[in-house]
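Each remark here refers to the structure printed beneath this line.
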Amino acid sequence: MASIDYPLERPAVSLEKGFAQHLYEWVATVDHKKLGLMYVVSALLFFVIAGLMAFVIRLQLMFPNGHVVGPDTFNRLFTMHGTTMVFLVGMPLVAGFANYLVPLMIGARDMAFPRLNAFGFWIFLFGGFLLYYSYIGGSGLYGAGSAPDVGWFANAPLTEKAFSRGHSTDYWALGILVSGVGSIASAINVIATAFSLRCPGMTLSRMPLFVWVMVVDSWLILVALPPLTAAQIMLMLDRYLGANFFNTQQGGSAVLWQHFFWIFGHPEVYILIFPAFAILSEVIPVFSRKPLFGRAAMVGAVVAIGFISLGVWAHHMFAVGMSSWSNTFFAGSSMLVGIPTGLKIFNWTATMYGGKLRLQTPLLYCCAFLFQFLVAGLTGIMLAVAPFDWQLHDSYFLIAHFHYTLMGGLVMGIFAGIYYWFPKAIGKMYNEKLGKWQFWLMIIGFNLTFLPQHIAGMLGMPRRIYTYAPGRGWELWNLLSSLGAMVQFVAVACLVWNLVHSALRGEPAGDDPWDGWTLEWATTSPPPEYNFEKLPVVRSSRPLWDMKHPHDPDWKYE
Amino acid sequence: MAEALELTADALTMEREWKTPDRGTVGIIFLIVTESALFLIFVLAYLVYIGKSVVGPYPKDVLEMPIAATVCLLSSSLTIVMAEHQLEKNRIGPFRLWWAITILLGLYFLYDTALEWKKLIYVDHLTISTNLFGTTFYSLVGLHASHVTVGMTFLLLVFTVSLLGFPIETQKRRVKFLSWYWHFVDWVWVIVFTVVYIVSAR
């Protein structure tokens, strides 16, 4: 009778999933939430890598005549730092946040094209790997240790075969081209999802502002990324088939690449900052306990930016010697873009005005965004004045300007978003105390790093120099800057620790920890694979408010 | 209470009558938007470099207007509409006929491009590296031809599965999207033709 020792009803498959099964689930998934998380996590990994590169750059520039790295390594460091931050951090953050939240916010079960979505993620990731493979394959196996060193905008003819030997530039062009295909795929997907999969009652005028901003963002990706792809194809034709697009010996233009790159490059900075706009438009109302001020104007402003930003690219090129008519046009259009952007700042502030503010980490980061992005906008207006730009073009003033937009703006907005939706995505609450610590360290570190760079720039310090001689008045500002980088290092470590520790040991967050108003808070945390048991029906732009206050719903007044 | 009931009834109607655009339609439209942006840059590069070549051959010396190929490609836009029309009525035989004509017209276009390139390379000694004209000509016309090739691949795929007995009338939506893509490729040719064979070869 020994054979009856087993329990009779043994489950055929063990309920405990092994590592291989987990891995398979994530690799083979087409679920928009898993893909969204993978996008955000890989973006954060690349953020840490590129951040460490910036840290080495700051160590090198901390004192005059620094010897931490040599000039060649320095060129590779700033190239890889910029390329990574823009293409492997900013772009996947756009795709990641849109992927995770757009279907949830419009009451859909998945994206419009789930398999295209998975394709987009993996091709982005392999594009990133291809770029980093250049560290091994850049000069072939014999000349290991090479990476692209042509700057993140890789101006031709510098990138032509004659001036850029080896294969590191090819890895730059191909890696970015490939990951760009992923961005295009994800942008088409976001637009199709937002237009086609809205739940009953979710008209375009009731669609959350987050979704609106992401739709305009995807539109910008679709029209602005192909110029870069085209220019990279031209570059590869030049390098491999001997074509002459950027070959000045054959009459090719030395400026054409800059035009094509910045036709992409300027909309790109709006593509990058839009997720922050999207996040602020959700976080500020919920944490001020007031609906968003001027909703329609906010949508109008973001659509306006989506068009005006396509016509401002040459303000990156005032110093190449364009005609004065071009200079005037591009200076004017660049200032014009400040109007809708200013309107957005005013409306966010007006949302907070008179509200019952809950000063928790997400809102703190939104406030930081408002201040720092405003500074960035003001220095942007200064640089849009062509004669002013001639003085400070490619100086540390410019570095400070765009780090205030992208670091002080985008990254702070993303941090707000991460803290805001972490409880939804993971189901655990983050550590609020540690979050506040990170906030203050980040703010102090960030401003300590980049505020002095304005002054260093005005004192004439050019960008991309690997070291400098003492006695020019730059020492103090560089020292402060590098000290600030160290504070930021600690702050990012706090964030990583907070996220990892809270994901493993955090308190359960509950479905709706912030008393939110958009549909993602109507489902469980984390949401089930099908998002909603029954598709919701929406009657106003704050569906959850209606659900929670049946006697005083929004739809009566909209 | 009455209000709540009213709300439910209202919600039910809303749910029943709720319509959103088809996701495939939105997807293909924006795919065409992004492809147009790609073509725009190559067209701009061509326009910028007209007359900038420092050595010959020059466009007006070597280019001949591909009239027959153009007529074929543009009429394939009509024949694919005819094919779609027949598919709409579930007439598979005529659908296959018009579809085959579309394929033949497209193939003739590609064949003509191949002949043109052969002549340019072997007779006129114009390659992609000869001068700026060669660079921009081969990349713009080549970009278009590669799009025709992609469209052709899908046309052949549809034709093959239809011949193998697959019920193609169940795939009207996808056939429609393919025909939109084909129209796009045809109308890009109008721009390429104008820029390359009329503007630059004057």
Side-chain angles (χ1 to χ4, degrees), chain A residues 106 108 111-113 116 184-185 187-203 218-219 221-231 233-234 237-238 241-247 249-253 255-256 259-260 263-264 535-539 546 550-551 553 555, chain B residues 1 3-4 6-55 127-140 142-143 146:
Chain A
I106 61 171
M111 297 286 276
F113 310 110
L116 181 69
I184 295 277
I188 290 181
N189 218 338
V190 168
I191 293 187
T193 308
F195 281 131
S196 305
L197 300 192
R198 280 168 288 132
C199 70
M202 178 68 78
T203 57
S218 304
W219 149 261
I221 291 178
L222 290 183
V223 293
L225 202 56
L228 176 67
T229 309
I233 294 173
M234 291 173 189
L237 288 176
D238 273 15
L241 298 181
N244 302 310
F245 279 108
F246 309 114
N247 179 3
Q249 301 287 305
Q250 282 276 10
S253 163
V255 185
L256 191 68
H259 275 293
F260 287 166
I263 287 175
F264 149 79
L535 282 188
V537 176
V538 172
R539 305 196 72 197
D546 297 355
H551 298 295
W555 54 263
Chain B
M1 189 65 198
E3 199 179 52
E6 183 195 13
L7 173 63
T8 331
D10 196 62
L12 279 174
T13 344
M14 203 189 280
E15 215 165 344
R16 235 188 345 263
E17 290 170 1
W18 184 247
K19 272 206 182 65
T20 50
D22 172 57
R23 67 192 168 116
T25 311
V26 178
I28 195 80
I29 288 174
F30 282 94
L31 178 72
I32 289 175
V33 166
T34 189
E35 290 266 44
S36 310
L38 186 69
F39 271 103
L40 179 70
I41 296 300
F42 277 91
V43 170
L44 282 178
Y46 192 91
L47 287 171
V48 166
Y49 282 149
I50 288 180
K52 297 278 166 63
S53 297
V54 288
V55 291
T127 67
I128 197 166
S129 59
T130 309
N131 57 14
L132 278 175
F133 164 56
T135 296
T136 49
F137 171 82
Y138 285 112
S139 51
L140 177 58
L143 183 72
S146 63

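Naming convention: chains lettered A, B, ... in sequence-line order (proteins, then strands); numbering from 1 in each chain. Just so it is clear, the structure is predicted and the values come from calculations on it, not from any experiment.
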Within the 4.5 Å heavy-atom criterion, are [X] and [Y] side-chain neighbours or not?
X        : Y        : answer
B:Phe42  : A:Ile233 : yes
A:Pro226 : B:Phe39  : no
A:Leu225 : B:Thr34  : no
B:Thr20  : A:Leu197 : no
B:Ile41  : A:Met234 : yes
B:Ser139 : A:Leu237 : yes

If the plane angle is over 60° it's perpendicular, under 30° parallel, otherwise tilted; pick one for A:Trp219 and B:Phe30.
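Ring orientation, 0 to 90° scale: perpendicular.
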Under a 3.5 Å distance rule, please check whether [X] uses its side chain to pair with a backbone N or O of [Y] as donor and acceptor.
X        : Y        : result
B:Thr135 : A:Asn244 : yes
B:Tyr49  : A:Phe245 : yes
B:Trp18  : A:Arg198 : yes

Please round to the nearest 0.5 Å and tell me the distance separating atom CD1 of B:Ile28 and atom CD1 of A:Ile188.
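Between atom CD1 of B:Ile28 and atom CD1 of A:Ile188 there are 8.5 Å.
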Separation between CD1 of A:Ile184 and CG of B:Leu31, rounded to the nearest 0.5 Å:
9.0 Å
[X] versus chain B, the contacting section by heavy-atom distance below 4.5 Å:
X        : value
A:Thr193 : neither
A:Leu256 : side chain
A:Phe260 : side chain

Distance-minimising heavy-atom pair for [X] and [Y]:
X        : Y        : value
A:Ala192 : B:Gly27  : CB-N, 4.3 Å
B:Thr130 : A:Gln250 : O-NE2, 3.4 Å
B:Ala37  : A:Leu222 : CB-O, 4.1 Å

So which of [options] has the largest heavy-atom pair count under 4.5 angstrom toward chain B?
options                      : answer
A:Leu535, A:Val537, A:Asn189 : A:Val537
A:Gly251, A:Gly201, A:Pro227 : A:Gly201
A:Ser218, A:Ala112, A:Ala231 : A:Ala112

Quick check on B:Val54 against chain A: is it the side chain, the backbone, both or neither that has a heavy atom closer than 4.5 Å?
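Both the backbone and the side chain of B:Val54 come within 4.5 Å of chain A.
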Let's test your reading of the structure: which of B:Gly134, B:Ser36, B:Ser53, B:Ala45 forms the most heavy-atom pairs below 4.5 Å with chain A?
B:Ala45
